[in-house]
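Okay, so here's the structure we're looking at.
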Amino acid sequence: MATPTRKKPRLSASPNATSLPNELPSFNSLNNDELAHVLGFLPPEDIMRARLSIKLRDFATTLIVPPSDYRVRRYKVMEAMTKSLSNIQQITIDNLGFGQKYADGRDPNEDRVKYTKDHITRDITILTRFKKLRVLELNDAPLNGRYAFLFKLPLLQKLSIISMDCFKWDVYMLSGLLSLRELHCEGSCIEGNIKDLRALKDTLEKLNMHNCLGIEGDFMTLSDFRRLKTLDLGGASGIIGDVREILTDDFQALEELHLPNSVVGGKDHQFQLISEVADVMLALHRLQQRIPTISRDCYWELAAASPEWYDFDEYDQYPAPPFIVSFVQAGPRVGWRWLSPSRPRIRLNWARIRVDDTQSDRGGNAPAPAHFNSRASFTDDAKRKSSHLSLQHDNPSLPRHGFQGVTTIACSTDTTHPQEGLSS
């Protein structure tokens, strides 16, 4: 006898359920707003491929392409984009490959001209056809000389110039980029005075001129740039200034700061007088309290040209002179100390800074006088003799001899009990 098969009952549709339409909307029925929404998720190279559709081809010519990192390594591609995707907002001009170059600009490098005389020459001026360009990066592009038209893009907000050995330009040329917010030109062949950046006072947010050896000027000319968050002038030896001149109203938005050794208080700065050190270290301490991202892991030293510097014999029984300065921190307490580089057993531990953080009466901006408790101790292991010198003073200006302005110096060949001191 056959066993009857069990069939699952069919699920009946809910009386409230809506039926799917028989036909989905066609691609040609999409309006411009819907097309813009679809293409907004695509990078420029995919939008270029989508031009195979007649509808997209016509629409792409008016589409404002969202910012996307797109590198041009083939000239034909950029040439096609100027016609079909002229509203692109971000582009990177890269190396074209061996045997190709862009037309030489004004005042080119003659050695490069001779080397590239047989190269295929491309027209870089087509870049001006991108009327909506907001981000431009020149990275190892074969440009030789000056190209003034590149600094006349009215909507440009970010400019990066990287690895451009023969690309020549001046600081004043940036005055034509009135919308510029970020400038990155590390190691670039830029020349001029940074005071010419004042045309960008109300827009500039990030300035990176690290290792730009052709620039000059006082970094304090940028102190009233109210939007400036990052300032990197490290390695730019033509920049001058003094961190002691920074007031509480200066660099109000600053979050990151790098200064060269040519600035008093800049990284690796060499002091001319020992008496300068105390005020500079206090100024740096206050600045680091306001801008926590400033690193304390830096060193300064007394210049060999200083009248207070002296040479020493490394084979002598006396310790090497402590002419290196650094911050030191233990928990919430911060101080500074003098270090001796060549004799690690001769320790100069802790410079005590007791700082009154209240503002003085000098306009409410200058630091109050520091109070020092100075002590020098010298101990000889062989003779076990020691001499001590204690000083109390409210003014770091001492006579020009010895270690004036140095606080809590402990020089000892006995490293088991180093004398230390810190500020609260």
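Source: prediction; values computed, not measured.
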Looking only at side chains, do [X] and [Y] share a donor and an acceptor under 3.5 Å apart?
| X | Y | value |
| --- | --- | --- |
| Asp140 | Asn95 | yes |
| Asp123 | Thr125 | yes |
| Gln288 | Arg296 | yes |
| Thr116 | Lys101 | yes |
| His210 | Asp232 | yes |

Rounded distance [0.5 Å steps], CG in Asp94 versus CD in Glu137: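 The distance works out to 8.0 Å.
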Euclidean distance, Met78 CE relative to Leu127 CG, rounded to 0.5 Å: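 Going from the CG atom of Leu127 to the CE atom of Met78 covers 6.0 Å.
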Aromatic ring pairing Phe327/His285, orientation class (parallel under 30°, perpendicular over 60°, tilted between):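 Judged by the thresholds at 30° and 60°, the geometry between Phe327 and His285 is tilted.
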Parallel, tilted or perpendicular: ring planes of Trp169 versus Phe151, cut at 30 and 60 degrees: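 Correct class here is parallel.
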Under the salt bridge (charged side-chain N to carboxylate O under 4.0 Å, His left out) test, residues paired with Glu186 that sit two or more places apart: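 Applying salt bridge (charged side-chain N to carboxylate O under 4.0 Å, His left out) to Glu186 gives none.
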Pairing residues for Arg226 by the salt bridge (charged side-chain N to carboxylate O under 4.0 Å, His left out) criterion, not counting sequence neighbours: Asp202
Partner residues of Arg122 under the side-chain hydrogen bond (donor to acceptor under 3.5 Å, both in side chains) criterion, sequence neighbours left out: Gln100
